[in-house]
Amino acid sequence: MTQLHSFLFLAPGFEEIEALATVDVLRRAGMAVSTVAVNGGSKFIKGAKGVTVEADILAEDADFSAAEWLICPGGMPGATNLANSPVVSAALTTHFKRGGKIAAICASPAVVLEPLGILQGREATCYPGMEKMISSAKTKDAPVVISGNVITGNGPASTILFALAIVKSSKGKEVAGEVGSGLLFYPNTPEFYF
């Protein structure tokens, strides 16, 4: 049986902690995840704090048809650059319509998911102050919100919890707990994941 593959989008101005720590945690859990460059044909993407990384694949070359997760880190203008990408919008919309799993953190729930209708009727969180951009969902003041096949996070400090929630959804509570313990991560509110 072929392992499902997940994809994390990187556009100029992405939030480095949210992107790289998420990929790190998923790979620690044994999940297959690739970073996808949304940068006009270049695999090299500069983040919001000036850290440049080389993505695994170009957005225009990616095949999302068998994806498990599509993941959007935040950061500005990273989230805006994701929202402005026809490739990202089409991939997210198609994936969501077929019941695929989507995760977004920081600015991306408001800037990327909300305009596509992905948050409609759900609960969600986002970077504080951006809730006013979300009208279709009930926003919560929480580090991470799991609403069916959509996971949202509120910002950089919540990244490990956000990534572990993705791990729990894919690999189960035990694996999420093992990875979290290996990272010396002991959240104060672990009820939804341990």
Is it possible for you to say whether [X] and [Y] belong to one hydrophobic cluster, with membership spreading through side-chain heavy-atom contacts below 4.5 Å?
X: Leu82; Y: Met76; result: no
X: Val38; Y: Val53; result: no
X: Val144; Y: Val175; result: yes
X: Phe185; Y: Ile146; result: yes
X: Leu116; Y: Ile134; result: yes

What heavy-atom pair brings [X] and [Y] nearest, and what distance separates the two atoms?
X: Gly99; Y: Asn149; result: O-ND2, 3.4 Å
X: Ile57; Y: Phe7; result: CD1-CE2, 3.8 Å
X: Gly50; Y: Glu16; result: N-OE2, 3.3 Å
X: Ser170; Y: Lys101; result: OG-NZ, 4.0 Å
X: Leu26; Y: Ala163; result: CD2-O, 3.8 Å
X: Leu119; Y: Pro109; result: CD1-O, 3.3 Å

Taking [Y]'s backbone N and O only, do any of them form a donor-acceptor pair with [X]'s side chain (distance below 3.5 Å, no angle check)?
X: Thr152; Y: Cys126; result: no
X: Glu18; Y: Gly74; result: yes
X: Asn39; Y: Phe44; result: yes
X: His95; Y: Ala66; result: no
X: Thr159; Y: Pro156; result: yes
X: Thr93; Y: Ser89; result: yes
X: Arg122; Y: Ala137; result: no
X: Glu60; Y: Leu58; result: no
X: Asn81; Y: Pro12; result: yes

Quick check: do [X] and [Y] have side-chain heavy atoms less than 4.5 Å from each other?
X: Ile151; Y: Trp69; answer: yes
X: Ile118; Y: Leu92; answer: yes
X: Thr22; Y: Leu8; answer: yes
X: Val167; Y: Met31; answer: yes
X: Phe9; Y: Ser85; answer: no
X: Pro143; Y: Phe162; answer: no
X: Phe64; Y: His5; answer: no
X: Ser135; Y: Glu114; answer: yes

(message) Can you tell whether the side chains of Lys140 and Glu123 come within less than 4.0 Å, N to carboxylate O?
(response) yes

What distance do [X] atom [atom1] and [Y] atom [atom2] have between them, rounded to the nearest 0.5 Å?
X: Ile102; Y: Ser108; atom1: CD1; atom2: OG; value: 11.5 Å
X: Tyr127; Y: Met133; atom1: OH; atom2: CE; value: 14.0 Å
X: Glu15; Y: Leu10; atom1: CD; atom2: CG; value: 11.5 Å

(message) Test of understanding: with side chain to side chain donor-acceptor pair (under 3.5 Å), list the residues that count as partners of Thr35, not counting sequence neighbours.
(response) Asp56

(request) With Val33 as reference, evaluate Asp24, Val25, Val23, Ile166 under the side-chain contact (heavy atoms from CB on, under 4.5 Å) test and give the passing residue. (result) Val23

(request) Apply side chain to side chain contact (heavy atoms under 4.5 Å, CB included) to Leu183 and Ile160, showing your working. (result) CA-CA 9 Å; Leu183 292 167; Ile160 302 297; 4.1 Å; yes

(request) Answer yes or no: are there more than 12 heavy-atom neighbours, outside Asp141 itself, under 6.0 Å from its atom CG? (result) no

